[in-house]
Amino acid sequence: MNTAELIARKASGAALGPAEIREVLAGFTAGTVAPEQMSALLMAVRWRGLTADELTAWTGAMVDSGERLDLSSVAAPVVDKHSSGGVGDKVSLVVAPLVASFGVAVPKLSGRGLGHSGGTLDKLESIPGWSGSLTTEQFLRQLADVGAVIAGASASLAPADKKLYALRDVTGTVESIPLIASSIMSKKIAGGAGSVLLDVKVGSGAFMPSVAPARELARAMVDLGTAAGVRTVCLLTSMAAPLGRAVGNALEVAEAVEVLRGGGPTDLIALCLAVADEMLTLGGQTGSAASALQDGSAYAVWERMIAAQGGDPHAPLPRAPYVHEVLADRSGVLTRLDARSVGSASWLLGAGRAAPGDDVVASAGVLLHAQVGDQVEAGQVLLELHAEDPARFDAATAALSWTVADADAPPTPLILEKVS
């Protein structure tokens with residue numbers, strides 16, 4: 001294989017053949033294609049894109065770079081779920097046990113947060129004793145016995161993706177829709193589920209700031225899943241403002257538990273139910289997901305899911321020793337509460353990490369006392385900042401961005417589009 005020739009052809013706009021794509025990705029994973037060469041090819045892909053056939057071959061090669069989970073031992077229908085990440089997005093914590101309570105198995109392989117967007121594993125690790133490190137045997141056994149499992153992805157699943165992402169992160173090629181789509185879907189396909197529900201966030205707090213590129217990404221992922229024999233549905237959901245009232249690891253776990261016990265903020269409940277209903281449909285089940293929140297069956301699965309991974313679902317969650325209140329400077333309607341600014345504030349308080357491997361502070365984060373559309377009074381508490389170090393409050397407060405005005409806030413739907 002002449003890798004330099006492949007790079008030149010892609011940079012000129014020509015399409016690569018499936019065999020060429022498989023060979024170059026296998027070579028990079030094995031170390032025979034140099035990082036410098038793969039960096040050049042990634043930049044050519046960012047400039048020129050990938051055709052549908054190229055993207056299918058690229059994703060298939062990433063799947064084939066490692067193992068595939070065999071979920072055939074699970075008798076129940078299996079539906080996976082993925083979110084592109086957002087501020088206050090604790091939906092996975094709710095829908096995994098919620099959907100499992102209807103007899104649909106949910107195998108959720110999750111990651112850690114980086115920057116302003118929190119990670120599901122970081123949130124769950126605020127529960128005393130809980131571990132997301134499971135062997136394949138433990139993962140499969142819990143999926144069969146409990147019906148829901150949230151754990152870290154095995155290094156053996158799509159290892160090409162991990163190497164490629166590390167390279168993309170330092171070469172300015174992260175923001176390429178074909179590369180994003182193949183990264184997400186290679187792991188979903190390798191994860192073995194027959195169906196996948198995708199949630200692509202759109203807005204200031206999301207990776208996709210507007211609907212058009214989010215729709216393009218959704219269509220690419222749905223097509224990749226379909227081509228691989230995986231039933232795939234994607235919801236585009238709003239991330240203009242934080243989801244729910246809690247942002248931060250232990251704070252979000254507490255809010256997820258509140259929803260599972262029949263309470264919680266209306267926006268979070270609405271999105272959880274919409275996602276859960278789509279997953280139930282993919283799993284061939286009927287019934288309203290809302291019933292399982294009210295009768296306690298979803299919470300019962302949550303208790304079993306947490307306990308199966310060594311956690312104590314009834315143990316007190318970490319609480320920050322210092323709390324700082326941010327007050328409204330005028331009366332009116334809260335017409336804007338920028339999601340990214342709240343995520344950045346939470347990160348500055350210690351809830352996130354600047355680089356992979358950094359520690360996070362489980363108790364740090366932001367609690368919202370008002371949401372967009374609420375009437376507020378001058379001097380009223382808008383947000384609570386939680387930290388273990390009060391020296392962090394000034395920078396976090398300065399990062400926040402909101403607007404209180406005389407006019408009403410225009411309504412923003414939670415679910416913007418459905419792509420299937």
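- Separating the OG atom in Ser341 from the CH2 atom in Trp402 is a distance of 8.5 Å, to the nearest 0.5 Å.
- Between the side chain of Ser65 and the backbone N or O of Met62 there is at least one donor-acceptor pair closer than 3.5 Å.
- Across Ala292 and Phe102, no two heavy atoms sit closer than the pair CB-CE1, 3.5 Å.
- Of all the heavy atoms in Leu293 and Leu273, the pair that sits closest is CD1-CD2, 3.8 Å.
- Sorted by first and then second residue, the side-chain hydrogen bond (donor to acceptor under 3.5 Å, both in side chains) pairs involving residues 12-33 (not counting sequence neighbours) are Arg9-Glu20.
- The backbone N or O of Thr173 lies less than 3.5 Å from no partner atom in the side chain of Ser176, so there is not a single donor-acceptor pair.
- Looking only at side-chain heavy atoms (C-beta outward), Met305 and Ile150 come within less than 4.5 Å of each other.
- Contact detail for Asp89 and Ser83: the closest heavy-atom pair is OD2-OG, 2.6 Å.
- Taking the side chain as every heavy atom from C-beta outward, Met279 and Val104 never approach each other to under 4.5 Å.
- Using a distance-only test at 3.5 Å, with no hydrogens or angles considered, no donor-acceptor pair links the side chain of Thr226 to the main chain of Leu224.
- The pair Arg245-Glu255 does not meet the salt-bridge criterion, since no charged nitrogen lies less than 4.0 angstrom from a carboxylate oxygen.
- Distance check, rounded to the nearest 0.5 Å: CG of Leu41 to CD1 of Ile21 gives 8.5 Å.
- Asn249 and Ser126 are not linked by any side-chain donor-acceptor pair at a separation below 3.5 angstrom, with hydrogens and angles left out of the test.
- Defined by atom type and a distance below 3.5 Å, a donor-acceptor pair is missing between the side-chain atoms of Asp161 and Ser186.
- Atom CG of Asn2 sits in a crowded spot, with more than 12 heavy atoms from other residues, nucleotides or ligands closer than 6.0 Å.
- Residue-environment remark: NZ (Lys162) stays at or below the threshold of 12 foreign heavy atoms within 6.0 Å.
- Between the side chains of His324 and Glu384, not a single donor N or O lies within less than 3.5 Å of an accepting N or O.
- Here the side chain of Asp122 pairs no donor or acceptor atom with the backbone of Leu124 at under 3.5 angstrom.
- Remark: side-chain polar atoms of Gln37 are not paired, donor with acceptor, to backbone N or O of Val33 under 3.5 angstrom.
- In the model, Lys108 has no side-chain atom that pairs as donor or acceptor with a side-chain atom of Thr120 under 3.5 Å.
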- Message: Working note: Lys81 + Ser92, criterion side chain to side chain contact (heavy atoms under 4.5 Å, CB included); need CA distance, chi angles, decisive distance, verdict.
- Response: CA-CA 8 Å; Lys81 184 257 179 189; Ser92 293; 2.7 Å; yes
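- In plain terms, the two heavy atoms of Arg219 and Ser420 that are nearest each other are NH2-O, 3.2 Å.
- A donor-acceptor pair under 3.5 Å is absent between the side-chain atoms of Lys90 and the main chain of Leu251, judged by distance alone.
- To the nearest 0.5 Å, atoms CE (Met221) and OG1 (Thr59) are separated by 11.0 Å.
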- Message: side-chain hydrogen bond (donor to acceptor under 3.5 Å, both in side chains), that's the test. Do Thr403 and Arg336 meet it? Break it down for me.
- Response: CA-CA 5 Å; Thr403 302; Arg336 184 182 66 90; 3.1 Å; yes
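- Counting only distance, with no hydrogens or angles, the side chain of Arg48 and the backbone of Ala11 share a donor-acceptor pair below 3.5 Å.
- When side chains are defined from C-beta on, Leu349 counts as touching Phe393, because their heavy atoms get closer than 4.5 Å.
- With hydrogens and angles ignored, the 3.5 Å screen pairs a side-chain donor or acceptor of Asp374 with a backbone N or O of Gln371.
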- Message: side chain to side chain contact (heavy atoms under 4.5 Å, CB included) for Leu268 and Val91? Distances and angles first, verdict last.
- Response: CA-CA 7 Å; Leu268 177 59; Val91 171; 4.1 Å; yes
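- At least one side-chain heavy atom of Val253 sits under 4.5 Å from a side-chain heavy atom of Ile127.
- For the pair Ser346 (side chain) and Val342 (backbone), a donor-acceptor distance under 3.5 Å is absent.
- When all heavy atoms of Leu93 and Ala256 are compared, the pair lying nearest together is CB-CB, 3.8 Å.
- Side-chain polar atoms of Arg340 and Ser401 form no donor-acceptor pair below 3.5 angstrom.
- Here the CG atom belonging to Leu16 is positioned 8.5 Å from the OG1 atom belonging to Thr51, to the nearest 0.5 angstrom.
- In this structure the side chain of Gln285 reaches within 4.5 angstrom of the side chain of Pro77, judged on heavy atoms.
- A salt bridge links Lys10 with Glu54: at least one charged nitrogen is closer than 4.0 Å to a carboxylate oxygen.
- For Lys201 and Ser84, the side-chain atoms include no donor-acceptor pair closer than 3.5 Å.
- Proximity of a side-chain donor or acceptor of Asp277 to a complementary backbone N or O of Ala289 within less than 3.5 Å is detected.
- Of all heavy-atom pairs spanning Ala148 and Ala96, the tightest one is CB-O, 3.7 Å.
- Distance CG/Leu25 to CG/Asp64: 10.5 Å, rounded to 0.5 Å.
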